[in-house]
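Report on the structure given below.
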Amino acid sequence: MQAPTPRGKPMRTLHHFIGGRQVAGASGHFGEIFDPNTGAVQARVPLARQDELDQAVADAEIAQRSWAQVNPQRRARVMFEFKRLLEVHMEELAKLLSSEHGKVIDDAKGDIQRGLEVIEFSCGIPHLLKGEYTQGAGPGIDVFSARQPLGVVAGITPFNFPAMIPMWMFGPAIASGNAFILKPSERDASVPVRLAELMLEAGLPAGVLNVVHGDKETVEAILRHPTVKAVSFVGSSDIAQSVYALGSQHGKRMQAMGGAKNHGIVLPDADLDQTVADLIGAAYGSAGERCMALPVVVAVGEATANALRERLVAAIGKLRVGVSGDPQAHFGPVITAEHKARIARHVQAGVDEGAELVIDGRGFELAGHEGGFFLGPCLFDHVKPGMKTYEEEIFGPVLQIMRVETFEQALQLPSRHQYGNGVTIFTRNGDAAREFAERVEVGMVGINVPIPVPVAYHSFGGWKRSGFGDLNQYGVDGVRFFTRTKTVTQRWPRGGAVSDQSFVIPTMR
């Protein structure tokens, strides 16, 4: 059944952003952007044809040649101005993001702020691009290296962070001298277009940043396009793996971040009041639609589990689910009716597999917004390894309690899971925390930090099926991903004897 449209409001139609201007979609095919609070369709987004992508890439290729010749300090000044504009337009961007995604306003501001911090890091590009130099590496021989842009690169981003993740990608890429093709999620595509407009206002030349909307066909066209040199992707693990394979097959530098099932290990000595407050925010914030959400809590010892469960039930009872614009709401609706149904199926699978559903949020309805995509918080206990509801990513407001007897058993759960994105340990024991951080087979570790997303000058990346590729997102790894190293070995002739060793591999003896 077709979703309703909002009464009294004209239907918005988004455009691509190519060559520094908005370009109407020519394919005649559109996706729908919903208002998650009401269930109504609020906008249409065009799905690009091959020729539209080709035009964006061609514009980017031309723009990149001159942009790469702009010295790094001047490129940094564009980033500084873009950062300033983000701060000026924070409220506008947050409201736009919230209206399409469903996350509450404060959470939407956090989305933008974490992307802004990567832009702030990218302002240091003159230092980040400095190479290495060795004088006198051999007789009259000097060696130096430089990092150079790849050319036209691309990013394919998910719905859950429509501001942060695009800026994670295009910030370092553009600052390094590349041109960028952004294919955002078609579910909440307005903010990425607005970011491109603000980059243009900040002084970025037209064509350096292009936004092309699309679906699976557009993604595959980007991965096959001969001019696109590198692609960064964030999405589910199955798609990340196929994207990584297809892009690599076509000779592209690839990084593809996948799904997660982050664990929170609670030792008997943890501060339970603080731990519960952290778990509630990490599990239910943004309705659980975060790859760094914490949907699994592993209690060590029955006494710990029972005390934790009691406190969690009490805290969940105080949560307020509301529309995304409600300043009192802890979280809002999920992104689409389809995603809501998917979460509900995972909850039912947990029941069918024998886990105890302590709190069931599937029947939640918000008065006056019965068509919205709302779910109340769900809480499981006695979840076991091997259950589908544990092994797979749910991506919704569902928290699962697992019970183990020993530290070693707790350590093995995240280490053996198919995903290796993030993990946290709650404890007062520094020795246990240090051992856990050293041994756990997960890419990002928190110690009494429930959502251990690294700051902008480090980097983000998971292990196992949470990340495909050798380099992480943003930070120094982001600059490395979007550049390549050129090393020059030079000698200037002084006259005199000609060496008779020209046919021997040169050495520095």
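Just so we're clear, the structure is a prediction, and the values are computed from it rather than from any experiment.
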Can a donor-acceptor pair be found, under 3.5 Å and without considering hydrogens, that links the side chain of [X] to the backbone of [Y]?
X: Gln328; Y: Arg320; result: no
X: Lys252; Y: Leu246; result: no
X: Asn37; Y: Ser324; result: yes
X: Asn262; Y: Cys291; result: yes
X: Thr427; Y: Ala270; result: no

Using every non-hydrogen atom in the two residues, find where [X] and [Y] come nearest and quote the distance to one decimal.
X: Ala202; Y: Leu85; result: N-CD1, 3.8 Å
X: Ala60; Y: Ile181; result: CB-CD1, 3.9 Å
X: Val334; Y: Pro36; result: O-CB, 3.3 Å
X: Val296; Y: Leu399; result: N-CD1, 4.1 Å
X: Leu97; Y: Ala163; result: CD1-CB, 3.9 Å
X: Cys378; Y: Gly361; result: SG-N, 3.2 Å

Quick one: which of His16, His15, His29 gives a ring-ring contact (aromatic ring centres under 6.0 Å, His included) with His213? His16

Can you tell me if [X] has over 12 outside heavy atoms packed within less than 6.0 Å of its [atom1]?
X: Gln22; atom1: CD; answer: yes
X: Gln348; atom1: CD; answer: yes
X: Tyr457; atom1: OH; answer: no
X: Glu310; atom1: CD; answer: no

Just one of Leu195, Leu200, Leu182 clears the side-chain contact (heavy atoms from CB on, under 4.5 Å) bar with Phe17, so which one? Leu200

Rounded at 0.5 Å granularity, tell me how far [atom1] in [X] sits from [atom2] in [Y].
X: Phe482; Y: Arg253; atom1: CZ; atom2: CZ; value: 9.5 Å
X: Glu92; Y: Arg194; atom1: CD; atom2: CZ; value: 4.5 Å
X: Tyr474; Y: Met169; atom1: OH; atom2: CE; value: 12.0 Å
X: Ile280; Y: His330; atom1: CD1; atom2: NE2; value: 9.5 Å
X: Leu279; Y: Phe426; atom1: CG; atom2: CZ; value: 4.5 Å
X: Asp381; Y: Met402; atom1: CG; atom2: CE; value: 10.5 Å

Check the angle between the aromatic planes of [X] and [Y] and answer parallel, tilted or perpendicular using the 30° and 60° thresholds.
X: Tyr284; Y: Phe331; answer: parallel
X: Phe374; Y: His369; answer: perpendicular
X: Phe170; Y: Phe180; answer: perpendicular

SB check [X] [Y] (cutoff 4.0 Å):
X: Glu391; Y: Lys388; result: no
X: Asp107; Y: Arg290; result: yes
X: Arg309; Y: Glu356; result: yes
X: Glu87; Y: Lys83; result: yes
X: Arg416; Y: Glu441; result: no

Side chains of Thr389 and Gln400: any donor to acceptor distance under 3.5 Å? yes

According to salt bridge (Lys or Arg N to Asp or Glu O under 4.0 Å), who are the partners of Asp215, at least two apart in sequence or on a separate chain? none

Please enumerate all residues that pass salt bridge (Lys or Arg N to Asp or Glu O under 4.0 Å) together with Arg49, with sequence neighbours excluded. Asp51

Geometric cation-pi criterion Lys183 and Phe233, 6.0 Å radius, 45° cone: no

Quick one: do Gln473 and Ser232 satisfy side chain to side chain donor-acceptor pair (under 3.5 Å)? Show the steps, please. CA-CA 8 Å; Gln473 297 271 353; Ser232 182; 3.1 Å; yes

If you apply the rule ring-ring contact (aromatic ring centres under 6.0 Å, His included), what do you find for Phe161 with His101, and how did you get there? CA-CA 9 Å; Phe161 284 98; His101 178 278; 7.6 Å; no

Could you check whether Tyr419 and His263 have their ring centres less than 6.0 Å apart? no

